[in-house]
Amino acid sequence: MKKRWLILIPALLVLAACSTEAEQEITTMTTTSVTIEMAETDAVTTESTTSTTPTATATTTTNTTTTSTKKPTVQPGSASYAYDYPGIAPVLARVPADPYLICVNRNYHLPENYAPALKVCVESYPEKIQMEATAATQYKKMYDAAKADGAELIPYSGYRSNARQKTNFERLIQTNVDRGYSYTQAVNIAAQSILPPGCSEHAAGLAMDITSPGVWDTRVSFDTTKEFAWLTANAHEYGFIMRYPKDKIEITQITYEPWHWRYVGAGPATAMKASGQCLEEYLGLA
Ligand code: ZN
């Protein structure tokens, strides 16, 4: 049972945004009235707009304790989603107190002005792949540890803007149309391997597609490499999880991607590894 809640929020809220380990940043945000689809028992969620560039926008939220289904109400023309694709109508993602646990997927999109502070992960590569600053720092630590063990975790694709995601997504839609699918089918198929703009962890700066010498691309065969074996054994210690495992496709709605690793922080990553849960399950969103 879902309800549409009209939430009126005072014009000015001071919200804290967690930054790197060393600093905390206070961001002043102007928030306007918003309409949010949420489960009946969910607590307050706010949509924030900001003109600054916080590491991650932490919105004051009370964790839900609902026992009812937590899948969002998905209907055409989701008011908060800025893009228009048939069958794609995500609702606004809740930004939890720990912003590294934000869940974006086909059902939940990032706040429109979500703007992570970015940092190059491994300076020695010419591509200068970036992630959100804390995630980038943790990636470098993980990279160095793997290198010391003889595994080279080559950063292939980290932060991507929504504009870039839109280009990639629509290119794949067109490819599917060219293969003979209807536009609606083409969108649906595309969304199983590239998330629509606004819905990608890459736009949050929290995901890295990792490759290795000899693969040099994002391929399923990455899961036969020593780099993948190293990640499987150790990535949780640095806060990373394999986000789209083979056995969770029904939940993530994304095909198996052994190369896509998501930063969530060491505590949650270790808990998820121990329980075998994917992010949606861990957060109670499955
Ligand atoms: Zn990815």
Side-chain angles (χ1 to χ4, degrees), residues 56 83 88 90 93 100-110 114 116 118-122 125 127-136 138-140 142-143 146 152-173 175 187 189-212 215-225 227-228 230-232 235-236 238-249 251-265 268-269 272 278-280 282:
Y83 305 89
I88 307 290
Y100 298 107
L101 285 177
I102 190 169
C103 182
V104 288
N105 56 26
R106 188 169 170 154
N107 295 331
Y108 294 99
H109 69 83
L110 287 167
Y114 199 89
L118 299 173
K119 181 179 169 187
V120 173
C121 296
V122 186
Y125 289 102
E127 293 81 6
K128 308 299 180 196
I129 307 289
Q130 297 176 306
M131 293 184 80
E132 181 281 332
T134 297
Q138 289 300 107
Y139 189 86
K140 180 62 164 58
M142 182 168 77
Y143 175 90
E152 185 178 359
L153 305 178
I154 299 173
Y156 183 80
S157 183
Y159 170 77
R160 291 197 293 260
S161 67
N162 284 330
R164 172 82 180 277
Q165 193 73 16
K166 181 173 187 288
T167 300
N168 292 352
F169 184 60
E170 292 183 358
R171 184 184 300 135
L172 186 53
I173 292 171
T175 299
V187 168
I189 294 166
Q192 292 167 27
S193 55
I194 297 182
L195 279 158
C199 298
S200 173
E201 297 180 335
H202 287 281
L206 298 177
M208 178 68 86
D209 294 337
I210 303 173
T211 189
S212 62
V215 176
W216 304 112
D217 200 348
T218 53
R219 295 182 196 166
V220 169
S221 62
F222 177 67
D223 70 4
T224 63
T225 63
E227 282 73 20
F228 180 80
W230 191 95
L231 284 165
T232 301
H236 64 286
Y238 301 88
F240 286 83
I241 57 168
M242 185 176 60
R243 182 67 175 87
Y244 306 121
K246 257 181 204 162
D247 60 346
K248 303 293 181 184
I249 292 171
I251 296 171
T252 65
Q253 301 182 69
I254 292 290
T255 52
Y256 174 49
E257 292 193 356
W259 59 83
H260 180 109
W261 291 76
R262 157 71 192 265
Y263 181 74
V264 292
M272 279 181 252
C278 67
L279 184 60
E280 285 85 355
Y282 179 75

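Counting starts at 1 for both ligands and their atoms, following the listed order.
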I249 and Y256 have their tightest heavy-atom pair at CD1-N, 3.9 Å
N, O or S atom of E257 closer to the Zn ion (ligand 1) than 2.8 Å | no
If the plane angle is over 60° it's perpendicular, under 30° parallel, otherwise tilted; pick one for W261 and F228.
-> perpendicular
Side-chain donor/acceptor of H202 to backbone N/O of Y159, under 3.5 Å = no
How wide is the angle at the Zn ion (ligand 1) between ND1 in H260 and NE2 in H202, to the nearest 10°?
-> 110°
For the Zn ion (ligand 1): the N/O/S atom of D209 at shortest distance = OD1
Can you tell which of Y143, Y263, Y100 makes a ring pair (Phe, Tyr, Trp, His ring centres under 6.0 Å) with F240?
-> Y263
